[in-house]
> 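Quick one: this structure, given as structure tokens, is what I'll be asking you about.
If you're wondering where the values come from, they're calculated on a predicted model, not measured in any experiment. Below, chains carry the letters A, B, ... as their sequence lines are ordered, and counting in each starts from 1.
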There are 2 protein chains.
Amino acid sequence: MINVLIADDHKMFVDGIESILKLEDDIQVVARCYNGGEVEHLVDEYNVDLLLLDVNLPGMNGIEVCKRMKIVKPDLKIIAISMFNEESYVSEILSNGASGYILKNTGREELLKAVKIVHSGLSYFSEEVKATIMKSLMNQNKKKEASKTFFPKVSKREKEVLALIIDEHTTSEIAKKLFISLKTVESHRSSLLNKLNARNTAGLVRIAIENNILAEQKA
Amino acid sequence: MINVLIADDHKMFVDGIESILKLEDDIQVVARCYNGGEVEHLVDEYNVDLLLLDVNLPGMNGIEVCKRMKIVKPDLKIIAISMFNEESYVSEILSNGASGYILKNTGREELLKAVKIVHSGLSYFSEEVKATIMKSLMNQNKKKEASKTFFPKVSKREKEVLALIIDEHTTSEIAKKLFISLKTVESHRSSLLNKLNARNTAGLVRIAIENNILAEQKA
DNA sequence: CAAATATTGAGGGTAAACCACTAGATTGAA
DNA sequence: TTCAATCTAGTGGTTTACCCTCAATATTTG
């Protein structure tokens, strides 16, 4: 017997899920709730095996709930349910312990399949969700490149200096390593601050890392 | 008619693919090559529509080839083929322009399906590949947490200071913002350097970003 | 070839960061 | 209720970073 808890703020939707699940002999909806805060004590009280969790819950949202439940009850299986097929939602909740992600337009058959598969210890994702993730993978580089072009290109030598700065070397250490004068390194630092629009070393390092400056094509 | 180029260093495998594709009326294998370097001129010469590309090629590897081809001929469709169902390979080549990823144990039917779907402008991934990506998504947080624990916990106040440092504020600016003395901020900076094992501000920022220190649970 | 950019270097100075040491008040966990 | 950690703050000093201005040589690009 699979003990299921449904957590979703849309009561009609909860009723719908329940009506589907109650027809199954091996599935039992032991409780339902309409906000994130109640989940924890209900899971305890009713010995819940599987949680059907809305991602966008009022109060404590689905991601927080998921994180929390995986700490207090790691063997609890969680399927995320959402209206939105958004890459950010999917990756957030999956990296926080959910074993499945299905959309709210999912049919009866698929819902039952998801519940049974996840309960068995495997994971389940609807085809649309998988497609969204693959698409976002393909777009990753485009996004990076778009954000890159805001900066003027950093020259080869400047990149060398930048790499050593990020590697915690001081100006004089860098000068010795590159066999150039201290003043030259200072010049490069100064150009870097200008080009990357940074106020100081902290900003230089942050901007360089965030924009992957060192990995850019050879200037 | 779909003009296909096969690039793979295993000749027997190339022959296998070709024997499958040649039976189709609307597919024509116009050329084949066994290393990355030849791809570019063959694509030009034979007016290739679709490239079946091994990820692990000698000379110029598949990812480099993919990147290059998307620059010189953006409308060329590319399907990556690999022996390995590895998350890193998949995400690397997909973010560099491939529209599909199939494994070398793929059957005849699936290969044809992939070629036709990708040629039509959509993308195609075998189920195993999609499963691998979803699994790696689910493990993302675990990896992060494992690498986190190497550092002693950074206190709440220290995190506030750290955030302002990363945001390019000087010690005196931070003191004013937090309504504390300059010397107190210096103390916090000093503890941060110790705790994160950094030599200077540059290291502090790098380590904080790389290890996602600011996003950790409330200390 | 000419113009722009990159690389190199300098003088002279101020601001910021870092170091060692100390120490009282507060607070949270054993 | 100790005890360790945190937050606070100081003295005093050294080192490093950053700013401005200037300039010769080299390399790349239109």
> Rounded to the nearest Å, what distance is computed from the NZ atom of residue A:Lys159 to the P atom of nucleotide C:dA6?
12 Å
> Between A:Lys177 and A:His169 (side chain of the first, backbone of the second, donor and acceptor by atom type, cut-off under 3.5 Å), is there such a pair?
no
> Does B:Asp49 have any side-chain contact (heavy atoms from CB on, under 4.5 Å) partners at least two apart in sequence or in another chain, and if so, which?
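With neighbours one apart ignored, the set is B:Ile2, B:Asn3, B:His119.
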> Please give, in whole Å, the distance from D:dT28 P to A:Arg157 CZ?
14 Å
> So if I define the base as every atom that isn't primed, P, OP1 or OP2, how would nucleotides 13-21 of chain C read as a B/S/- string at a heavy-atom cutoff under 4.0 Å?
----SBB--
> What is the distance from CG of B:Asn194 to P of D:dA5, rounded to the nearest Å?
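One finds 14 Å between P of D:dA5 and CG of B:Asn194, rounded.
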> Figure out the CG/P separation between A:Leu178 and C:dT8, and round it to whole Å.
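A:Leu178 atom CG is separated from C:dT8 atom P by 8 Å.
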> Do A:Leu53 and A:Val65 make a side-chain contact, defined as non-hydrogen atoms from C-beta onward lying under 4.5 Å apart?
yes
> When you measure from the side chain of A:Glu87 to the backbone N and O of A:Ser136, does any donor-acceptor pair fall under 3.5 Å?
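No, A:Glu87 side chain to A:Ser136 backbone: no donor-acceptor pair under 3.5 Å.
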> Check the distance between D:dC18's P and A:Leu182's CG and give it to me in whole angstrom.
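Between P of D:dC18 and CG of A:Leu182: 13 Å.
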> Using whole Å, report how far NE2 of A:His188 lies from P of C:dT5.
17 Å
> With the threshold set at 4.0 Å, does a side-chain nitrogen-carboxylate oxygen contact exist between B:Glu186 and B:Arg189?
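No salt bridge links B:Glu186 with B:Arg189.
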> Is there a donor-acceptor pair closer than 3.5 Å between any side-chain N or O of B:Glu38 and the backbone N or O of B:Asn35?
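No.
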> So how far off straight is the helix from C:dC1-D:dG30 to C:dA30-D:dT1, going by the axes through five pairs at either end, to 10°?
80°
> C:dG9 phosphate, OP1 or OP2: any side-chain N/O from A:Thr184 under 4.0 angstrom?
yes
> Could you measure the distance from the CG atom of A:Leu137 to the CG atom of B:Leu137? Nearest 0.5 Å is fine.
8.0 Å
> Report yes if some heavy atom in the side chain of B:Lys116 is under 4.5 Å from a heavy atom in the side chain of B:Ile27; otherwise report no.
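Touching, per the 4.5 Å side-chain cut-off.
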> Please report, rounded to the nearest Å, how far the P atom of D:dG10 is from the CD1 atom of B:Ile180.
11 Å
> Between B:Asp9 and B:Leu57 (side chain of the first, backbone of the second, donor and acceptor by atom type, cut-off under 3.5 Å), is there such a pair?
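Flag not set: sc B:Asp9 to bb B:Leu57 has no pair under 3.5 Å.
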> For A:Leu192 and C:dA6, give me the distance from atom CG to atom C1', rounded to whole Å.
12 Å
